[in-house]
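Atom set for the values below is all heavy atoms of this structure, side chains included, hydrogens, waters and symmetry mates excluded. Small disclaimer: the values here were computed from a predicted structure and weren't measured.
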Amino acid sequence: MKKIKYIIWFLLFLFVNSFFIERYIVRFPEYEFYSERIPKEFDGFKIAVVTDLHYGFLNPEFWIQHLVSKTNDLKPDVIVGLGDYVKKRNRDVELLAVWPILNQFSSKEKVLFVNGNHDHWANHKLSLKLLEESGKSVRNKEILIQKKNQQIAFLGLGDYWEDHFEIDSVNSSQSDQIFRIVLAHNPDSTNTKHTTKVDLFLAGHTHGGQVRIPFFEYSPVLPVADKSLDQGFKKNRFGEDVFISSGIGWSIIPIRFYCPAEIPIIVLRSKK
């Protein structure tokens, strides 16, 4: 009987941890990224990475509003939204409800958005319309941020599955001297052929796998072709740096295990 009780308590702990704690106690961890190509003027520059909010069932409006407020309170230099703001397919109502909340994101310099596959599945045309009307779209664009006489660039891609753009077609500055960050919902986008010099990709989509095997740093279910691009800092097939956020939402089953929800802060560090 004691063994059965222990098993029941263990299963109860797993349920509470996976359904409530790791899904709703969102972390805001800081990760430093060092490069000799980062201008000194941008040393300490902070980028908040928001992805896979999946507004809808179990992630209601007040919860999204809470995450927006918490992110704004950190006063990052830039906030990037990497898509999948909604959950369900063919649901205009979710897109129309979440975008007024997304428009409340505020940072020192810029707020930049791209869309994800779920946004297109909800309504392709409407999701693109709301993205552009926000004034924060970096889809198929390059945005330059300047401090004194130095600049860094942010490039935005479309979703790899539903709205794909070639990286080279988005690059307008052309210069290999500029430190360049590419925003992509799906990390598989980073493996597409390009000649543009990319210093750092920021991506989401994977949810970190949601369920990870402790000690092995492995997730059995990942919605990407390149299974090495699961979470954290990785290298793509070209040897370029990719950071994949585990994000907020969920897919198929609303649980997380050994993979807490997060809105990470990337801190740029100049090695010059």
| message | side-chain contact (heavy atoms from CB on, under 4.5 Å), that's the test. Do V221 and Q210 meet it? Break it down for me. | response | CA-CA 8 Å; V221 179; Q210 285 185 213; over 6 Å; no
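- The two residues K136 and F105 make their nearest non-hydrogen contact at CE-O, 4.1 Å.
- Criterion: ILVMFWY side-chain heavy atoms under 4.5 Å apart, direct or through other members. Under it, V267 and I152 are not part of a common hydrophobic cluster.
- The pair R139-D163 meets the salt-bridge criterion, since a charged nitrogen lies less than 4.0 angstrom from a carboxylate oxygen.
- Between S246 and P260, the shortest heavy-atom distance links the atoms CB-O, 4.1 Å.
- No hydrogens or angles considered: a donor-acceptor pair under 3.5 Å links the side chains of D84 and H185.
- Counting only heavy atoms from C-beta outward, the side chains of L102 and V98 approach each other to under 4.5 Å.
- For F33 and F243, the ring centers are positioned 6.0 Å apart or more.
- Note on L157: it does not cluster hydrophobically with W121, by side-chain heavy-atom contacts below 4.5 Å among ILVMFWY residues.
- With a 6.0 Å radius and a threshold of 12 heavy atoms from other residues, nucleotides or ligands, F57 has its CZ atom at or below the threshold.
- Residue P76 comes nearest to S107 through the heavy atom pair O-CB, 3.3 Å, listed as atom of the first residue, atom of the second, then distance.
- Remark: the backbone N or O of T190 is paired with a side-chain donor or acceptor of N236 at under 3.5 angstrom.
- Hydrophobic clustering (ILVMFWY, side-chain heavy atoms < 4.5 Å, transitive): L82 and L67 are in distinct clusters.
- Proximity of a side-chain donor or acceptor of Q151 to a complementary backbone N or O of I178 within less than 3.5 Å is not detected.
- Using a 4.5 Å cut-off on side-chain heavy atoms (C-beta onward), L202 and L200 make contact.
- By the 6.0 Å contact criterion, CD on Q177 is open, its count of non-hydrogen atoms from other residues, nucleotides or ligands being 12 or less.
- Taking CZ from F233 and CG from D241, the interatomic distance works out to 7.5 Å, rounded to the nearest 0.5 Å.
- Heavy-atom neighbours of K141 NZ from other residues, nucleotides or ligands within 6.0 Å: above the threshold of 12.
- Under the 4.5 Å side-chain criterion, counting only non-hydrogen atoms from C-beta, T71 is in contact with F28.
- A donor-acceptor contact shorter than 3.5 Å is absent between the side chain of E94 and the backbone of L96.
- Interatomic distance, Y258 OH to F215 CZ, rounded to the nearest 0.5 Å: 6.5 Å.
- One distance of note links CD1 of I167 with NZ of K197; it measures 13.0 Å at 0.5 Å rounding.
- Within 6.0 Å of CD1 in I213 there are more than 12 heavy atoms belonging to other residues, nucleotides or ligands.
- When all heavy atoms of P223 and N186 are compared, the pair lying nearest together is O-ND2, 4.4 Å.
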| message | Run K129 and E133 through side-chain contact (heavy atoms from CB on, under 4.5 Å) and show every step you take. | response | CA-CA 6 Å; K129 179 176 180 287; E133 288 179 348; 2.8 Å; yes
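- Contact of the I101 side chain with the Y85 side chain is not registered, since no non-hydrogen atoms from C-beta on lie closer than 4.5 Å.
- Note that CZ of R89 and CG of N117 are 8.5 Å apart. Values are rounded to the nearest 0.5 Å.
- Distance check: R37 CZ to S270 OG gives 11.5 Å after rounding to the nearest 0.5 Å.
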| task | Please step through side-chain contact (heavy atoms from CB on, under 4.5 Å) for the pair L229 and T206, ending with a clear verdict. | result | CA-CA 8 Å; L229 300 176; T206 67; 5.8 Å; no
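- Proximity of a side-chain donor or acceptor of E162 to a complementary backbone N or O of H124 within less than 3.5 Å is not detected.
- For E32 and R269, the salt-bridge test passes: some basic side-chain N is under 4.0 Å from an acidic carboxylate O.
- Tracing side-chain contacts under 4.5 Å through hydrophobic residues (I, L, V, M, F, W, Y), one reaches F154 starting from F42; they form part of the same cluster.
- Side-chain contact between N59 and L53 is absent, with no heavy atoms from C-beta onward closer than 4.5 Å.
- Side chain of R180 to backbone of L155: no donor-acceptor contact under 3.5 angstrom is found.
- Contact check for S219 versus R212: side-chain heavy atoms found under the 4.5 Å cut-off.
- Side-chain N or O atoms of K227 include one that pairs as donor or acceptor with a backbone N or O of L222 at under 3.5 Å.
- A side-chain donor-acceptor contact under 3.5 Å links E240 and H194.
- Residues V138 and K110 fail the side-chain proximity criterion, which asks for heavy atoms closer than 4.5 Å.
- In terms of modelled atom types and a separation under 3.5 Å, the side chain of N191 and the main chain of R237 share a donor-acceptor contact.
- Closest of all the heavy-atom pairs between L183 and L112 is CD1-CB, 4.2 Å.
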| said: H54 vs H207, test: ring pair (Phe, Tyr, Trp, His ring centres under 6.0 Å). Steps then yes/no. | reply: CA-CA 11 Å; H54 286 303; H207 312 144; 5.2 Å; yes
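- Residues I38 and F45 fail the side-chain proximity criterion, which asks for heavy atoms closer than 4.5 Å.
- Side-chain heavy atoms closer than 4.5 Å link hydrophobic residues (I, L, V, M, F, W, Y) into clusters, and following such links, even through other members, never connects L128 to Y55.
- In terms of heavy atoms, R23 sits closest to W63 at O-CZ2, 4.3 Å.
- Distance alone, capped at 3.5 Å, places no donor-acceptor pair between the D77 side chain and the E109 backbone.
- One N or O on the side chain of D188 and one on the backbone of D226 form a donor-acceptor pair closer than 3.5 Å.
- Under 4.0 Å is where a charged nitrogen must lie from a carboxylate oxygen, and between R256 and E262 no such pair does.
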| message | I'd like to know whether N149 forms a side-chain contact (heavy atoms from CB on, under 4.5 Å) with E41, so could you lay out the CA-CA distance, the side-chain angles of the two residues, the decisive distance to 0.1 Å, and finally the verdict. | response | CA-CA 9 Å; N149 62 339; E41 289 79 0; 3.9 Å; yes
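- Not one N or O on the side chain of D119 forms a donor-acceptor pair closer than 3.5 Å with the backbone of G83.
- Note: I244 CD1 to D230 CG = 6.5 Å, rounded to the nearest 0.5 Å.
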